[in-house]
Amino acid sequence: MSLLLYGEIRPIEAVPDFGPALCEHLRAKTNPTVHAASIAAWSLLAGGLRILGLEELPEVHFEPNGKPYFVNSSLYFSLSHSGKLAVVLISEEPCGVDIELVRPEVAERLRERCLSDGERARGCDFFEIWTEKECIAKLDGSGMRSHPSEIDTLDPRWNGHFFTTRVRDSAGQAYALSALCGEIENLSIIKK
């Protein structure tokens, strides 16, 4: 079972009660746009947990590298936001999710810096590959520590573990959305 929820970022007055560590985490977000987007993603997570039958929200803590996790729960999750959309992935296995606003042009220099030789040779879509790279980096919480071109989405260990698509916000703007987990064939997708 894996559940992916995405939706528009809207003003939310009440922060879901995932405990004091989340409140501290959100206080550190001083940019109002990022703060609102983060709250929207956490609200999606709370809604997803209710869909899965959890009425009481588990407490969240953060690893030293910043990766959030549930205390005393067998569920894993990943959050992302970009532009007007937020997304969350909930799974029984470690997982990663990312969403990126698709821009009309990508400089060749950026492609060379971020894509592996194999990804460039195949003519892979930059934004789909970028979101997949972010998913890999979020899977264990290491983040994008290495040079992005060193994270190779074509590595056979990722075969069959990605779900990648394009979605649109209410204004029609396109986004690349990718999810990575071991049970991608059992992924349920809900647009909120």
Side-chain angles (χ1 to χ4, degrees), residues 1-101 131-132 134-144 161-165 167 169-170 175-192:
M1 173 285 319
S2 292
L3 178 62
L4 180 123
L5 293 97
Y6 72 97
E8 299 258 342
I9 296 169
R10 294 184 171 85
I12 298 168
E13 293 181 20
V15 176
D17 186 12
F18 284 107
L22 176 61
C23 292
E24 188 64 30
H25 173 77
L26 291 172
R27 267 194 289 277
K29 304 221 178 269
T30 57
N31 177 310
T33 303
V34 172
H35 187 263
S38 186
I39 291 173
W42 286 98
S43 294
L44 272 176
L45 177 60
L49 292 171
R50 282 192 217 46
I51 289 169
L52 295 174
L54 279 90
E55 291 304 318
E56 188 172 322
L57 297 178
E59 188 172 344
V60 168
H61 283 203
F62 292 83
E63 294 177 1
N65 61 13
K67 182 179 174 77
Y69 65 94
F70 291 135
V71 177
N72 300 322
S73 175
S74 61
L75 293 175
Y76 297 86
F77 67 95
S78 183
L79 309 153
S80 183
H81 52 80
S82 179
K84 295 180 180 180
L85 295 181
V87 63
V88 63
L89 176 62
I90 306 168
S91 181
E92 294 173 334
E93 300 179 45
C95 59
V97 72
D98 192 53
I99 190 164
E100 294 291 333
L101 181 66
T131 57
E132 289 177 356
E134 286 281 358
C135 289
I136 293 168
K138 289 178 177 185
L139 190 66
D140 67 359
S142 64
M144 200 64 80
H161 296 289
F162 279 116
F163 168 78
T164 302
T165 190
V167 296
D169 64 22
S170 60
Y175 294 76
L177 187 158
S178 291
L180 170 64
C181 62
E183 50 189 39
I184 208 72
E185 66 278 354
N186 295 322
L187 180 66
S188 296
I189 303 164
I190 299 174
K191 180 179 179 184
K192 295 297 260 176

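The analysis underlying the following values was restricted to heavy atoms, covering all of them including side chains, and did not include hydrogens, waters or symmetry mates. Fair warning: this is a prediction, and the values are worked out from it, not measured in the lab. For reference, positions follow the sequence shown, starting with 1.
- Within the 4.5 Å cutoff, no side-chain heavy atoms of Leu180 are placed close to those of Glu132.
- Nearest heavy-atom pair across Pro16 and Leu57 is CB-CD1, 3.9 Å.
- Under the 3.5 Å distance criterion, the side-chain polar atoms of Glu8 are matched with a main-chain donor or acceptor of Ser170.
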For this session: Go through Leu75 and Leu54 one step at a time and tell me if the side chain to side chain contact (heavy atoms under 4.5 Å, CB included) criterion holds.
Result: CA-CA 11 Å; Leu75 293 175; Leu54 279 90; 4.2 Å; yes

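- With a 4.5 Å cut-off on side-chain heavy atoms, Ser38 and Leu26 count as touching.
- Atoms CG and SG, from Leu89 and Cys135 in turn, are 8.0 Å apart once rounded to the nearest 0.5 Å.
- Taking CG of Asn186 as the reference point, atom CD of Glu93 lies at 9.5 Å (rounded to 0.5 Å).
- In this structure a side-chain-to-backbone donor-acceptor pair under 3.5 Å is present from Ser82 to Leu101.
- A heavy-atom distance below 4.5 Å is found between the side chains of His25 and Phe62.
- Across every non-hydrogen atom of Ala86 and Ala37, the tightest pair is CB-O, 4.5 Å.
- Residues Leu5 and Ile51 form a side-chain contact, since some pair of their non-hydrogen atoms from C-beta on lies under 4.5 Å apart.
- Heavy atoms from other residues, nucleotides or ligands lying under 6.0 Å from CD of Glu185 number more than 12.
- Rounded to the nearest 0.5 Å, atoms CZ (Phe163) and SG (Cys181) are 10.5 Å apart.
- Of the possible donor and acceptor atoms, one in the side chain of Lys67 sits under 3.5 Å from a partner among the backbone N and O of Lys138.
- Residue His161 holds its NE2 atom at 10.0 Å from CG of Leu139, rounded to the nearest 0.5 Å.
- Side chains of Phe70 and Leu49 form a contact here, defined as non-hydrogen atoms less than 4.5 Å apart.
- Minimum heavy-atom separation, Ile12 to Ser43: CD1-OG, 3.4 Å.
- Across all non-hydrogen atoms, the minimal contact from Pro20 to Glu59 is CD-OE2, 4.1 Å.
- Atom CG of Leu177 sits about 10.0 Å away from atom CD of Glu100, to the nearest 0.5 Å.
- Looking at heavy atoms from C-beta onward, Lys29 lies in side-chain contact with Val34 at the 4.5 angstrom threshold.
- There is a side-chain donor-acceptor pair under 3.5 Å between Asp98 and Ser80.
- Residues Ile39 and Ile9 form no side-chain contact, since every pair of their non-hydrogen atoms from C-beta on lies 4.5 Å or further apart.
- With Val87 as the partner, the side chain to side chain contact (heavy atoms under 4.5 Å, CB included) test is satisfied by one option alone out of Leu79, Val97, Val167: Val97.
- Screening residues 28-55 for ring pair (Phe, Tyr, Trp, His ring centres under 6.0 Å), with sequence neighbours left out, gives Phe18-Trp42, Trp42-Phe77.
- Across Thr165, Val88, Ile189, a single residue satisfies side chain to side chain contact (heavy atoms under 4.5 Å, CB included) together with Leu4, and that is Ile189.
- With rounding to the nearest 0.5 Å, the separation of SG in Cys95 from OH in Tyr76 is 9.5 Å.
- For the pair Ile90 and Leu45, the minimum side-chain heavy-atom distance is below 4.5 Å.
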